[in-house]
Every structure is written in C-alpha cells, then in structure tokens.
Amino acid sequence: GLILEESELSSMVNRELYLPAKTQDDKQVEILLNAGLSADTNIAINQGVDGVGLYRTEISFLLQQRFPSEDEQFKQYRSVLASYPEKQVVMRTLDIGGDKALPYFPIEEDNPFLGWRGIRFTLDHPDIFIIQLRAMLRASCESHNLSILLPMISGAQELDDALQLIEQAYDEVHELDNRVRMPRVGIMIEVPSMLYILPLIAHKVDFVSVGTNDLTQYLLAVDRNNSRVSDVYESMHPAVIMALKQIHDTCKQYQLPVCICGELAGDPMGALLLIGLGYETLSMNTSNVARTKYLIRQSNLAELQDLANKALSKPYGSDIYSMMLNYFEEREFTGFIRAGKK
Ligand code: PEP
Ligand code: MG
C-alpha cells in the first residue's frame, strides 16, 4: 500500500498544485481561496486557485484601535483585488459580532451568536457599511473583479436593505469615478431560514455561498466554538447533508451559481461528499488547496455521487463518517485525513 509520511504526502500533492481539479471521469471542480483571516496581506502567493471565494474583511477592523477609514480600507482591498487581476474576488462585508468583538466597540449580549452580528450590525450602522462598500467599489475601478458577499442574511428584507445601500454607495462612487461597475452581489447561506426563503429571493442575487460553519451551528443549535458540545457539532450530520442537498437543488433550479466556503469544503471527506452532492465550486484555506485538488484527481464523480446518495439515506452522522472513512481506506487516502487534522 501507499503509506507515506506526512511530509512526503504534502510534497507529492504540492508538486501537482497547478494541475486542474478534474476527476478521472472528467468533472472539473472550481477551487477558490478563503483569505483574510490572518494579518498576512500577501495573498498573491496562493497559486493554483481559480480565484478568491471568500475574503473575510474583519481582520483590518480587529487589528485597529478604531474603525478603519475609507482610504485605509480602499488601499487594503485594492491590493487584494490587484493580486488576482484576471480572477474573481468575493469580498464579504463586515461580519463582526458573534465571537468576533471589536476592542473599540464592545457588545455585551447573553447570546452573541444569536445577536448583533454580520448584516444585522452593518444595517444598523449604515455609515460604517457605506464606507466599506465605497472602499470596495473604488478599489475595483481598475481591476473589475469584485463580487460582494453579504453575511448572516436571514430574510428578504435584510437583503433588500443591503442592496439599496449598495446602490447608494455605487451612485456615490460613480460621481467620483465613472469607471466603477456594479459588482456581482451574493449572500451567505448560513442561517437555516434561508433554506426556505432561497427560492423566493433567488432572482435578487447573482450568486450564493454556503457557510457550513454557521449553518451547522444554527441547524444543530450547537455553539461552533464550545468544546463541551463539540461532539454535537457534527459536520456530516444527516440534517446538514440534507440541507446541502436542498440548497444545491434549489440553486440548480434557479440557475444560481453556488459555492461552499465553510470548512467542510476544505476537509478531505467533506470536499468529496460535496462534489458527490453536485457542488462544482469549493472555497478553502490555502493549506487545503493542493491536497483537495489531488484527491479530486484521484476520484470518480460517479463514485462520489453514489456515496452522496447513500449518505442521504443514513440517519446517523457516524454512519456517514464511517462510510466515507471506508472509502478513504479502500482508496488508500487515509494519510490525507491524518495530515488534515490540526
Ligand atoms: C461559515 O460560517 O461557514 C463561514 C464561511 O463564515 P465564518 O466562518 O467566517 O462565519
Ligand atoms: Mg459564518
């Protein structure tokens, strides 16, 4: 068997970083990058991806002593957009609250993950929101590769309000620079209400991005950061897999581009299961890119579809996990799981 050391595995997959993420039966998967969580602004070093699927903008707000100015944000965003000149960069608007508190804007709440976070905060502070939107739009005037992603949308009204502010920011920037173009605008699917609302608002957005981290947290009513209940946080819980199937099918029906940007997309088993469910675009941290592409190249779409179909009939998350583990053992992929555990 192919029993390789972790370092051998990673040099093997890294040698093939530039090869396409195409299964043996020729299914091409788009691999995008999650960026922005670290202070490392040099994201140009992340090669082998088709673009940026999630740029988290929180970090520049978290590292400062005050809200960053429009010009500070503009410079930051422009350098990110310029790093991917021919590719799309999906920038998410500020998603603070929850576990991400600003030192200069403390929020005291009993249930922060159910409280003033993401779009709820920015819609209540349109001044802060507009400054960020203007900075993003100005930053894209030359590269024209910006998409805007709205976090924590739970209903149609929030989307309408956010779209109106995007229009306003666009008009303001257009006065200054007529090269500005209206970006693609999408929403995160991470609050379970959106499973039901999505068909009704599909025509209002250009794309969606599924945040499996929060979707799992809210679907299973389990704090994603609480180690006491980490057993309850099952990333392959049947309800999560069913929800992902439903989102995929709705997006297909409405011809809405969809990406998965939660951690599941960069997890070796998760990625293959998602492809089996029909997902064609995965966004992940740089450390998972080479490995995921390699695993995709060793796989058959038909086999992954078969696994996904079986997963959809299993009532226990542990059964889905065992089935995937079994597949990994048969294919001698288990080294990738070990290498992936942090
Ligand atoms: C998610 O919720 O899955 C996601 C990608 O966003 P974040 O982890 O930043 O909440
Ligand atoms: Mg989230």
Side-chain angles (χ1 to χ4, degrees), residues 31-40 43 49 51-63 80 89-102 107 111-123 132 147-155 158-159 162 186-195 198 207-226 230 233-237 239-241 243-244 247-248 251 257-267 270-271 273-274 277 279 281-289 292 342:
I31 302 294
L32 305 177
L33 187 72
N34 286 358
L37 255 197
S38 76
D40 178 13
I43 70 168
V49 293
V52 177
L54 172 64
Y55 179 77
R56 292 177 167 105
T57 57
E58 288 79 64
I59 195 77
S60 58
F61 289 78
L62 289 167
L63 293 179
V80 173
V89 175
V90 177
M91 290 197 166
R92 191 172 66 182
T93 63
L94 186 61
D95 185 24
I96 47 128
D99 58 333
K100 285 171 278 184
L102 298 176
I107 302 172
N111 294 296
F113 275 117
L114 303 182
W116 212 25
R117 67 158 306 209
I119 201 74
R120 302 169 181 182
F121 177 86
T122 46
L123 287 179
Q132 182 174 45
S147 296
I148 292 179
L149 178 60
L150 305 168
M152 286 298 292
I153 294 283
S154 65
E158 286 167 341
L159 172 58
I187 56 171
M188 293 285 292
I189 303 292
E190 55 185 345
V191 179
S193 58
M194 295 316 289
L195 268 87
L198 188 54
F207 67 98
V208 300
S209 192
V210 186
T212 53
N213 308 334
D214 278 312
L215 186 62
T216 305
Q217 153 165 278
Y218 295 125
L219 211 49
L220 305 181
V222 56
D223 183 337
R224 62 193 256 188
N225 297 326
N226 183 344
S230 59
Y233 188 98
E234 278 185 89
S235 54
M236 293 188 209
H237 189 287
V240 173
I241 304 302
L244 292 169
I247 294 164
H248 168 267
C251 290
V258 54
C259 167
I260 305 267
C261 68
E263 293 301 314
L264 194 63
D267 171 81
L273 195 53
L274 289 167
L277 286 169
Y279 287 96
T281 305
L282 306 178
S283 192
M284 62 197 67
N285 297 334
T286 184
S287 59
N288 294 329
V289 170
T292 307
K342 274 159 229 136

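Just so you know, ligand 1 is whichever comes first in the structure, and atom 1 is the first atom listed for that ligand. Just so it is clear, the model here is predicted, and its values are computed rather than measured.
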Task: Test item, Gln217 contacting ligand 1 (heavy atom, 4.0 angstrom) - done: no

Task: Option with minimal heavy-atom separation from atom 2 (O) of ligand 1, where the choices are Asp214, Leu264, Asp99 - done: Asp214

TODO: Indicate yes or no: does an N/O atom of Glu263 lie under 3.5 Å from an N/O atom of ligand 1?
DONE: no

- [ ] Give the residue and atom name of whichever protein heavy atom lies nearest to atom 8 (O) of ligand 1, and the separation in Å to one decimal.
- [x] Arg224 NH2, 2.7 Å

TODO: Examine distances only and state if a side-chain atom of Glu58 and a backbone atom of Lys100 form a donor-acceptor pair shorter than 3.5 Å.
DONE: no

Task: Polar side-chain atom of Tyr279 near backbone of His248 as donor-acceptor pair, under 3.5 Å - done: yes

Open item on the list: For the 3.5 Å polar cut-off, considering only N or O atoms, please tell me whether Glu58 and ligand 1 meet it.
Closed with: no

Open item on the list: As a test of reading the structure, name the N/O/S atom of Glu190 that is nearest the Mg ion (ligand 2).
Closed with: OE1

Open item on the list: For the backbone of Pro112 and the side chain of Arg117, can you confirm whether one donor and one acceptor N or O come within less than 3.5 Å of each other?
Closed with: no

Open item on the list: Side chains of Ser235 and Glu263: any donor to acceptor distance under 3.5 Å?
Closed with: no

- [ ] Determine yes or no for a side-chain-to-main-chain donor-acceptor pair under 3.5 angstrom, with Tyr218 supplying the side chain and Phe113 the backbone.
- [x] yes

Task: Met152 near ligand 1 by a heavy-atom separation under 4.0 Å - done: no

- [ ] Report the name of the N/O/S atom of Asp214 located nearest to the Mg ion (ligand 2).
- [x] OD2

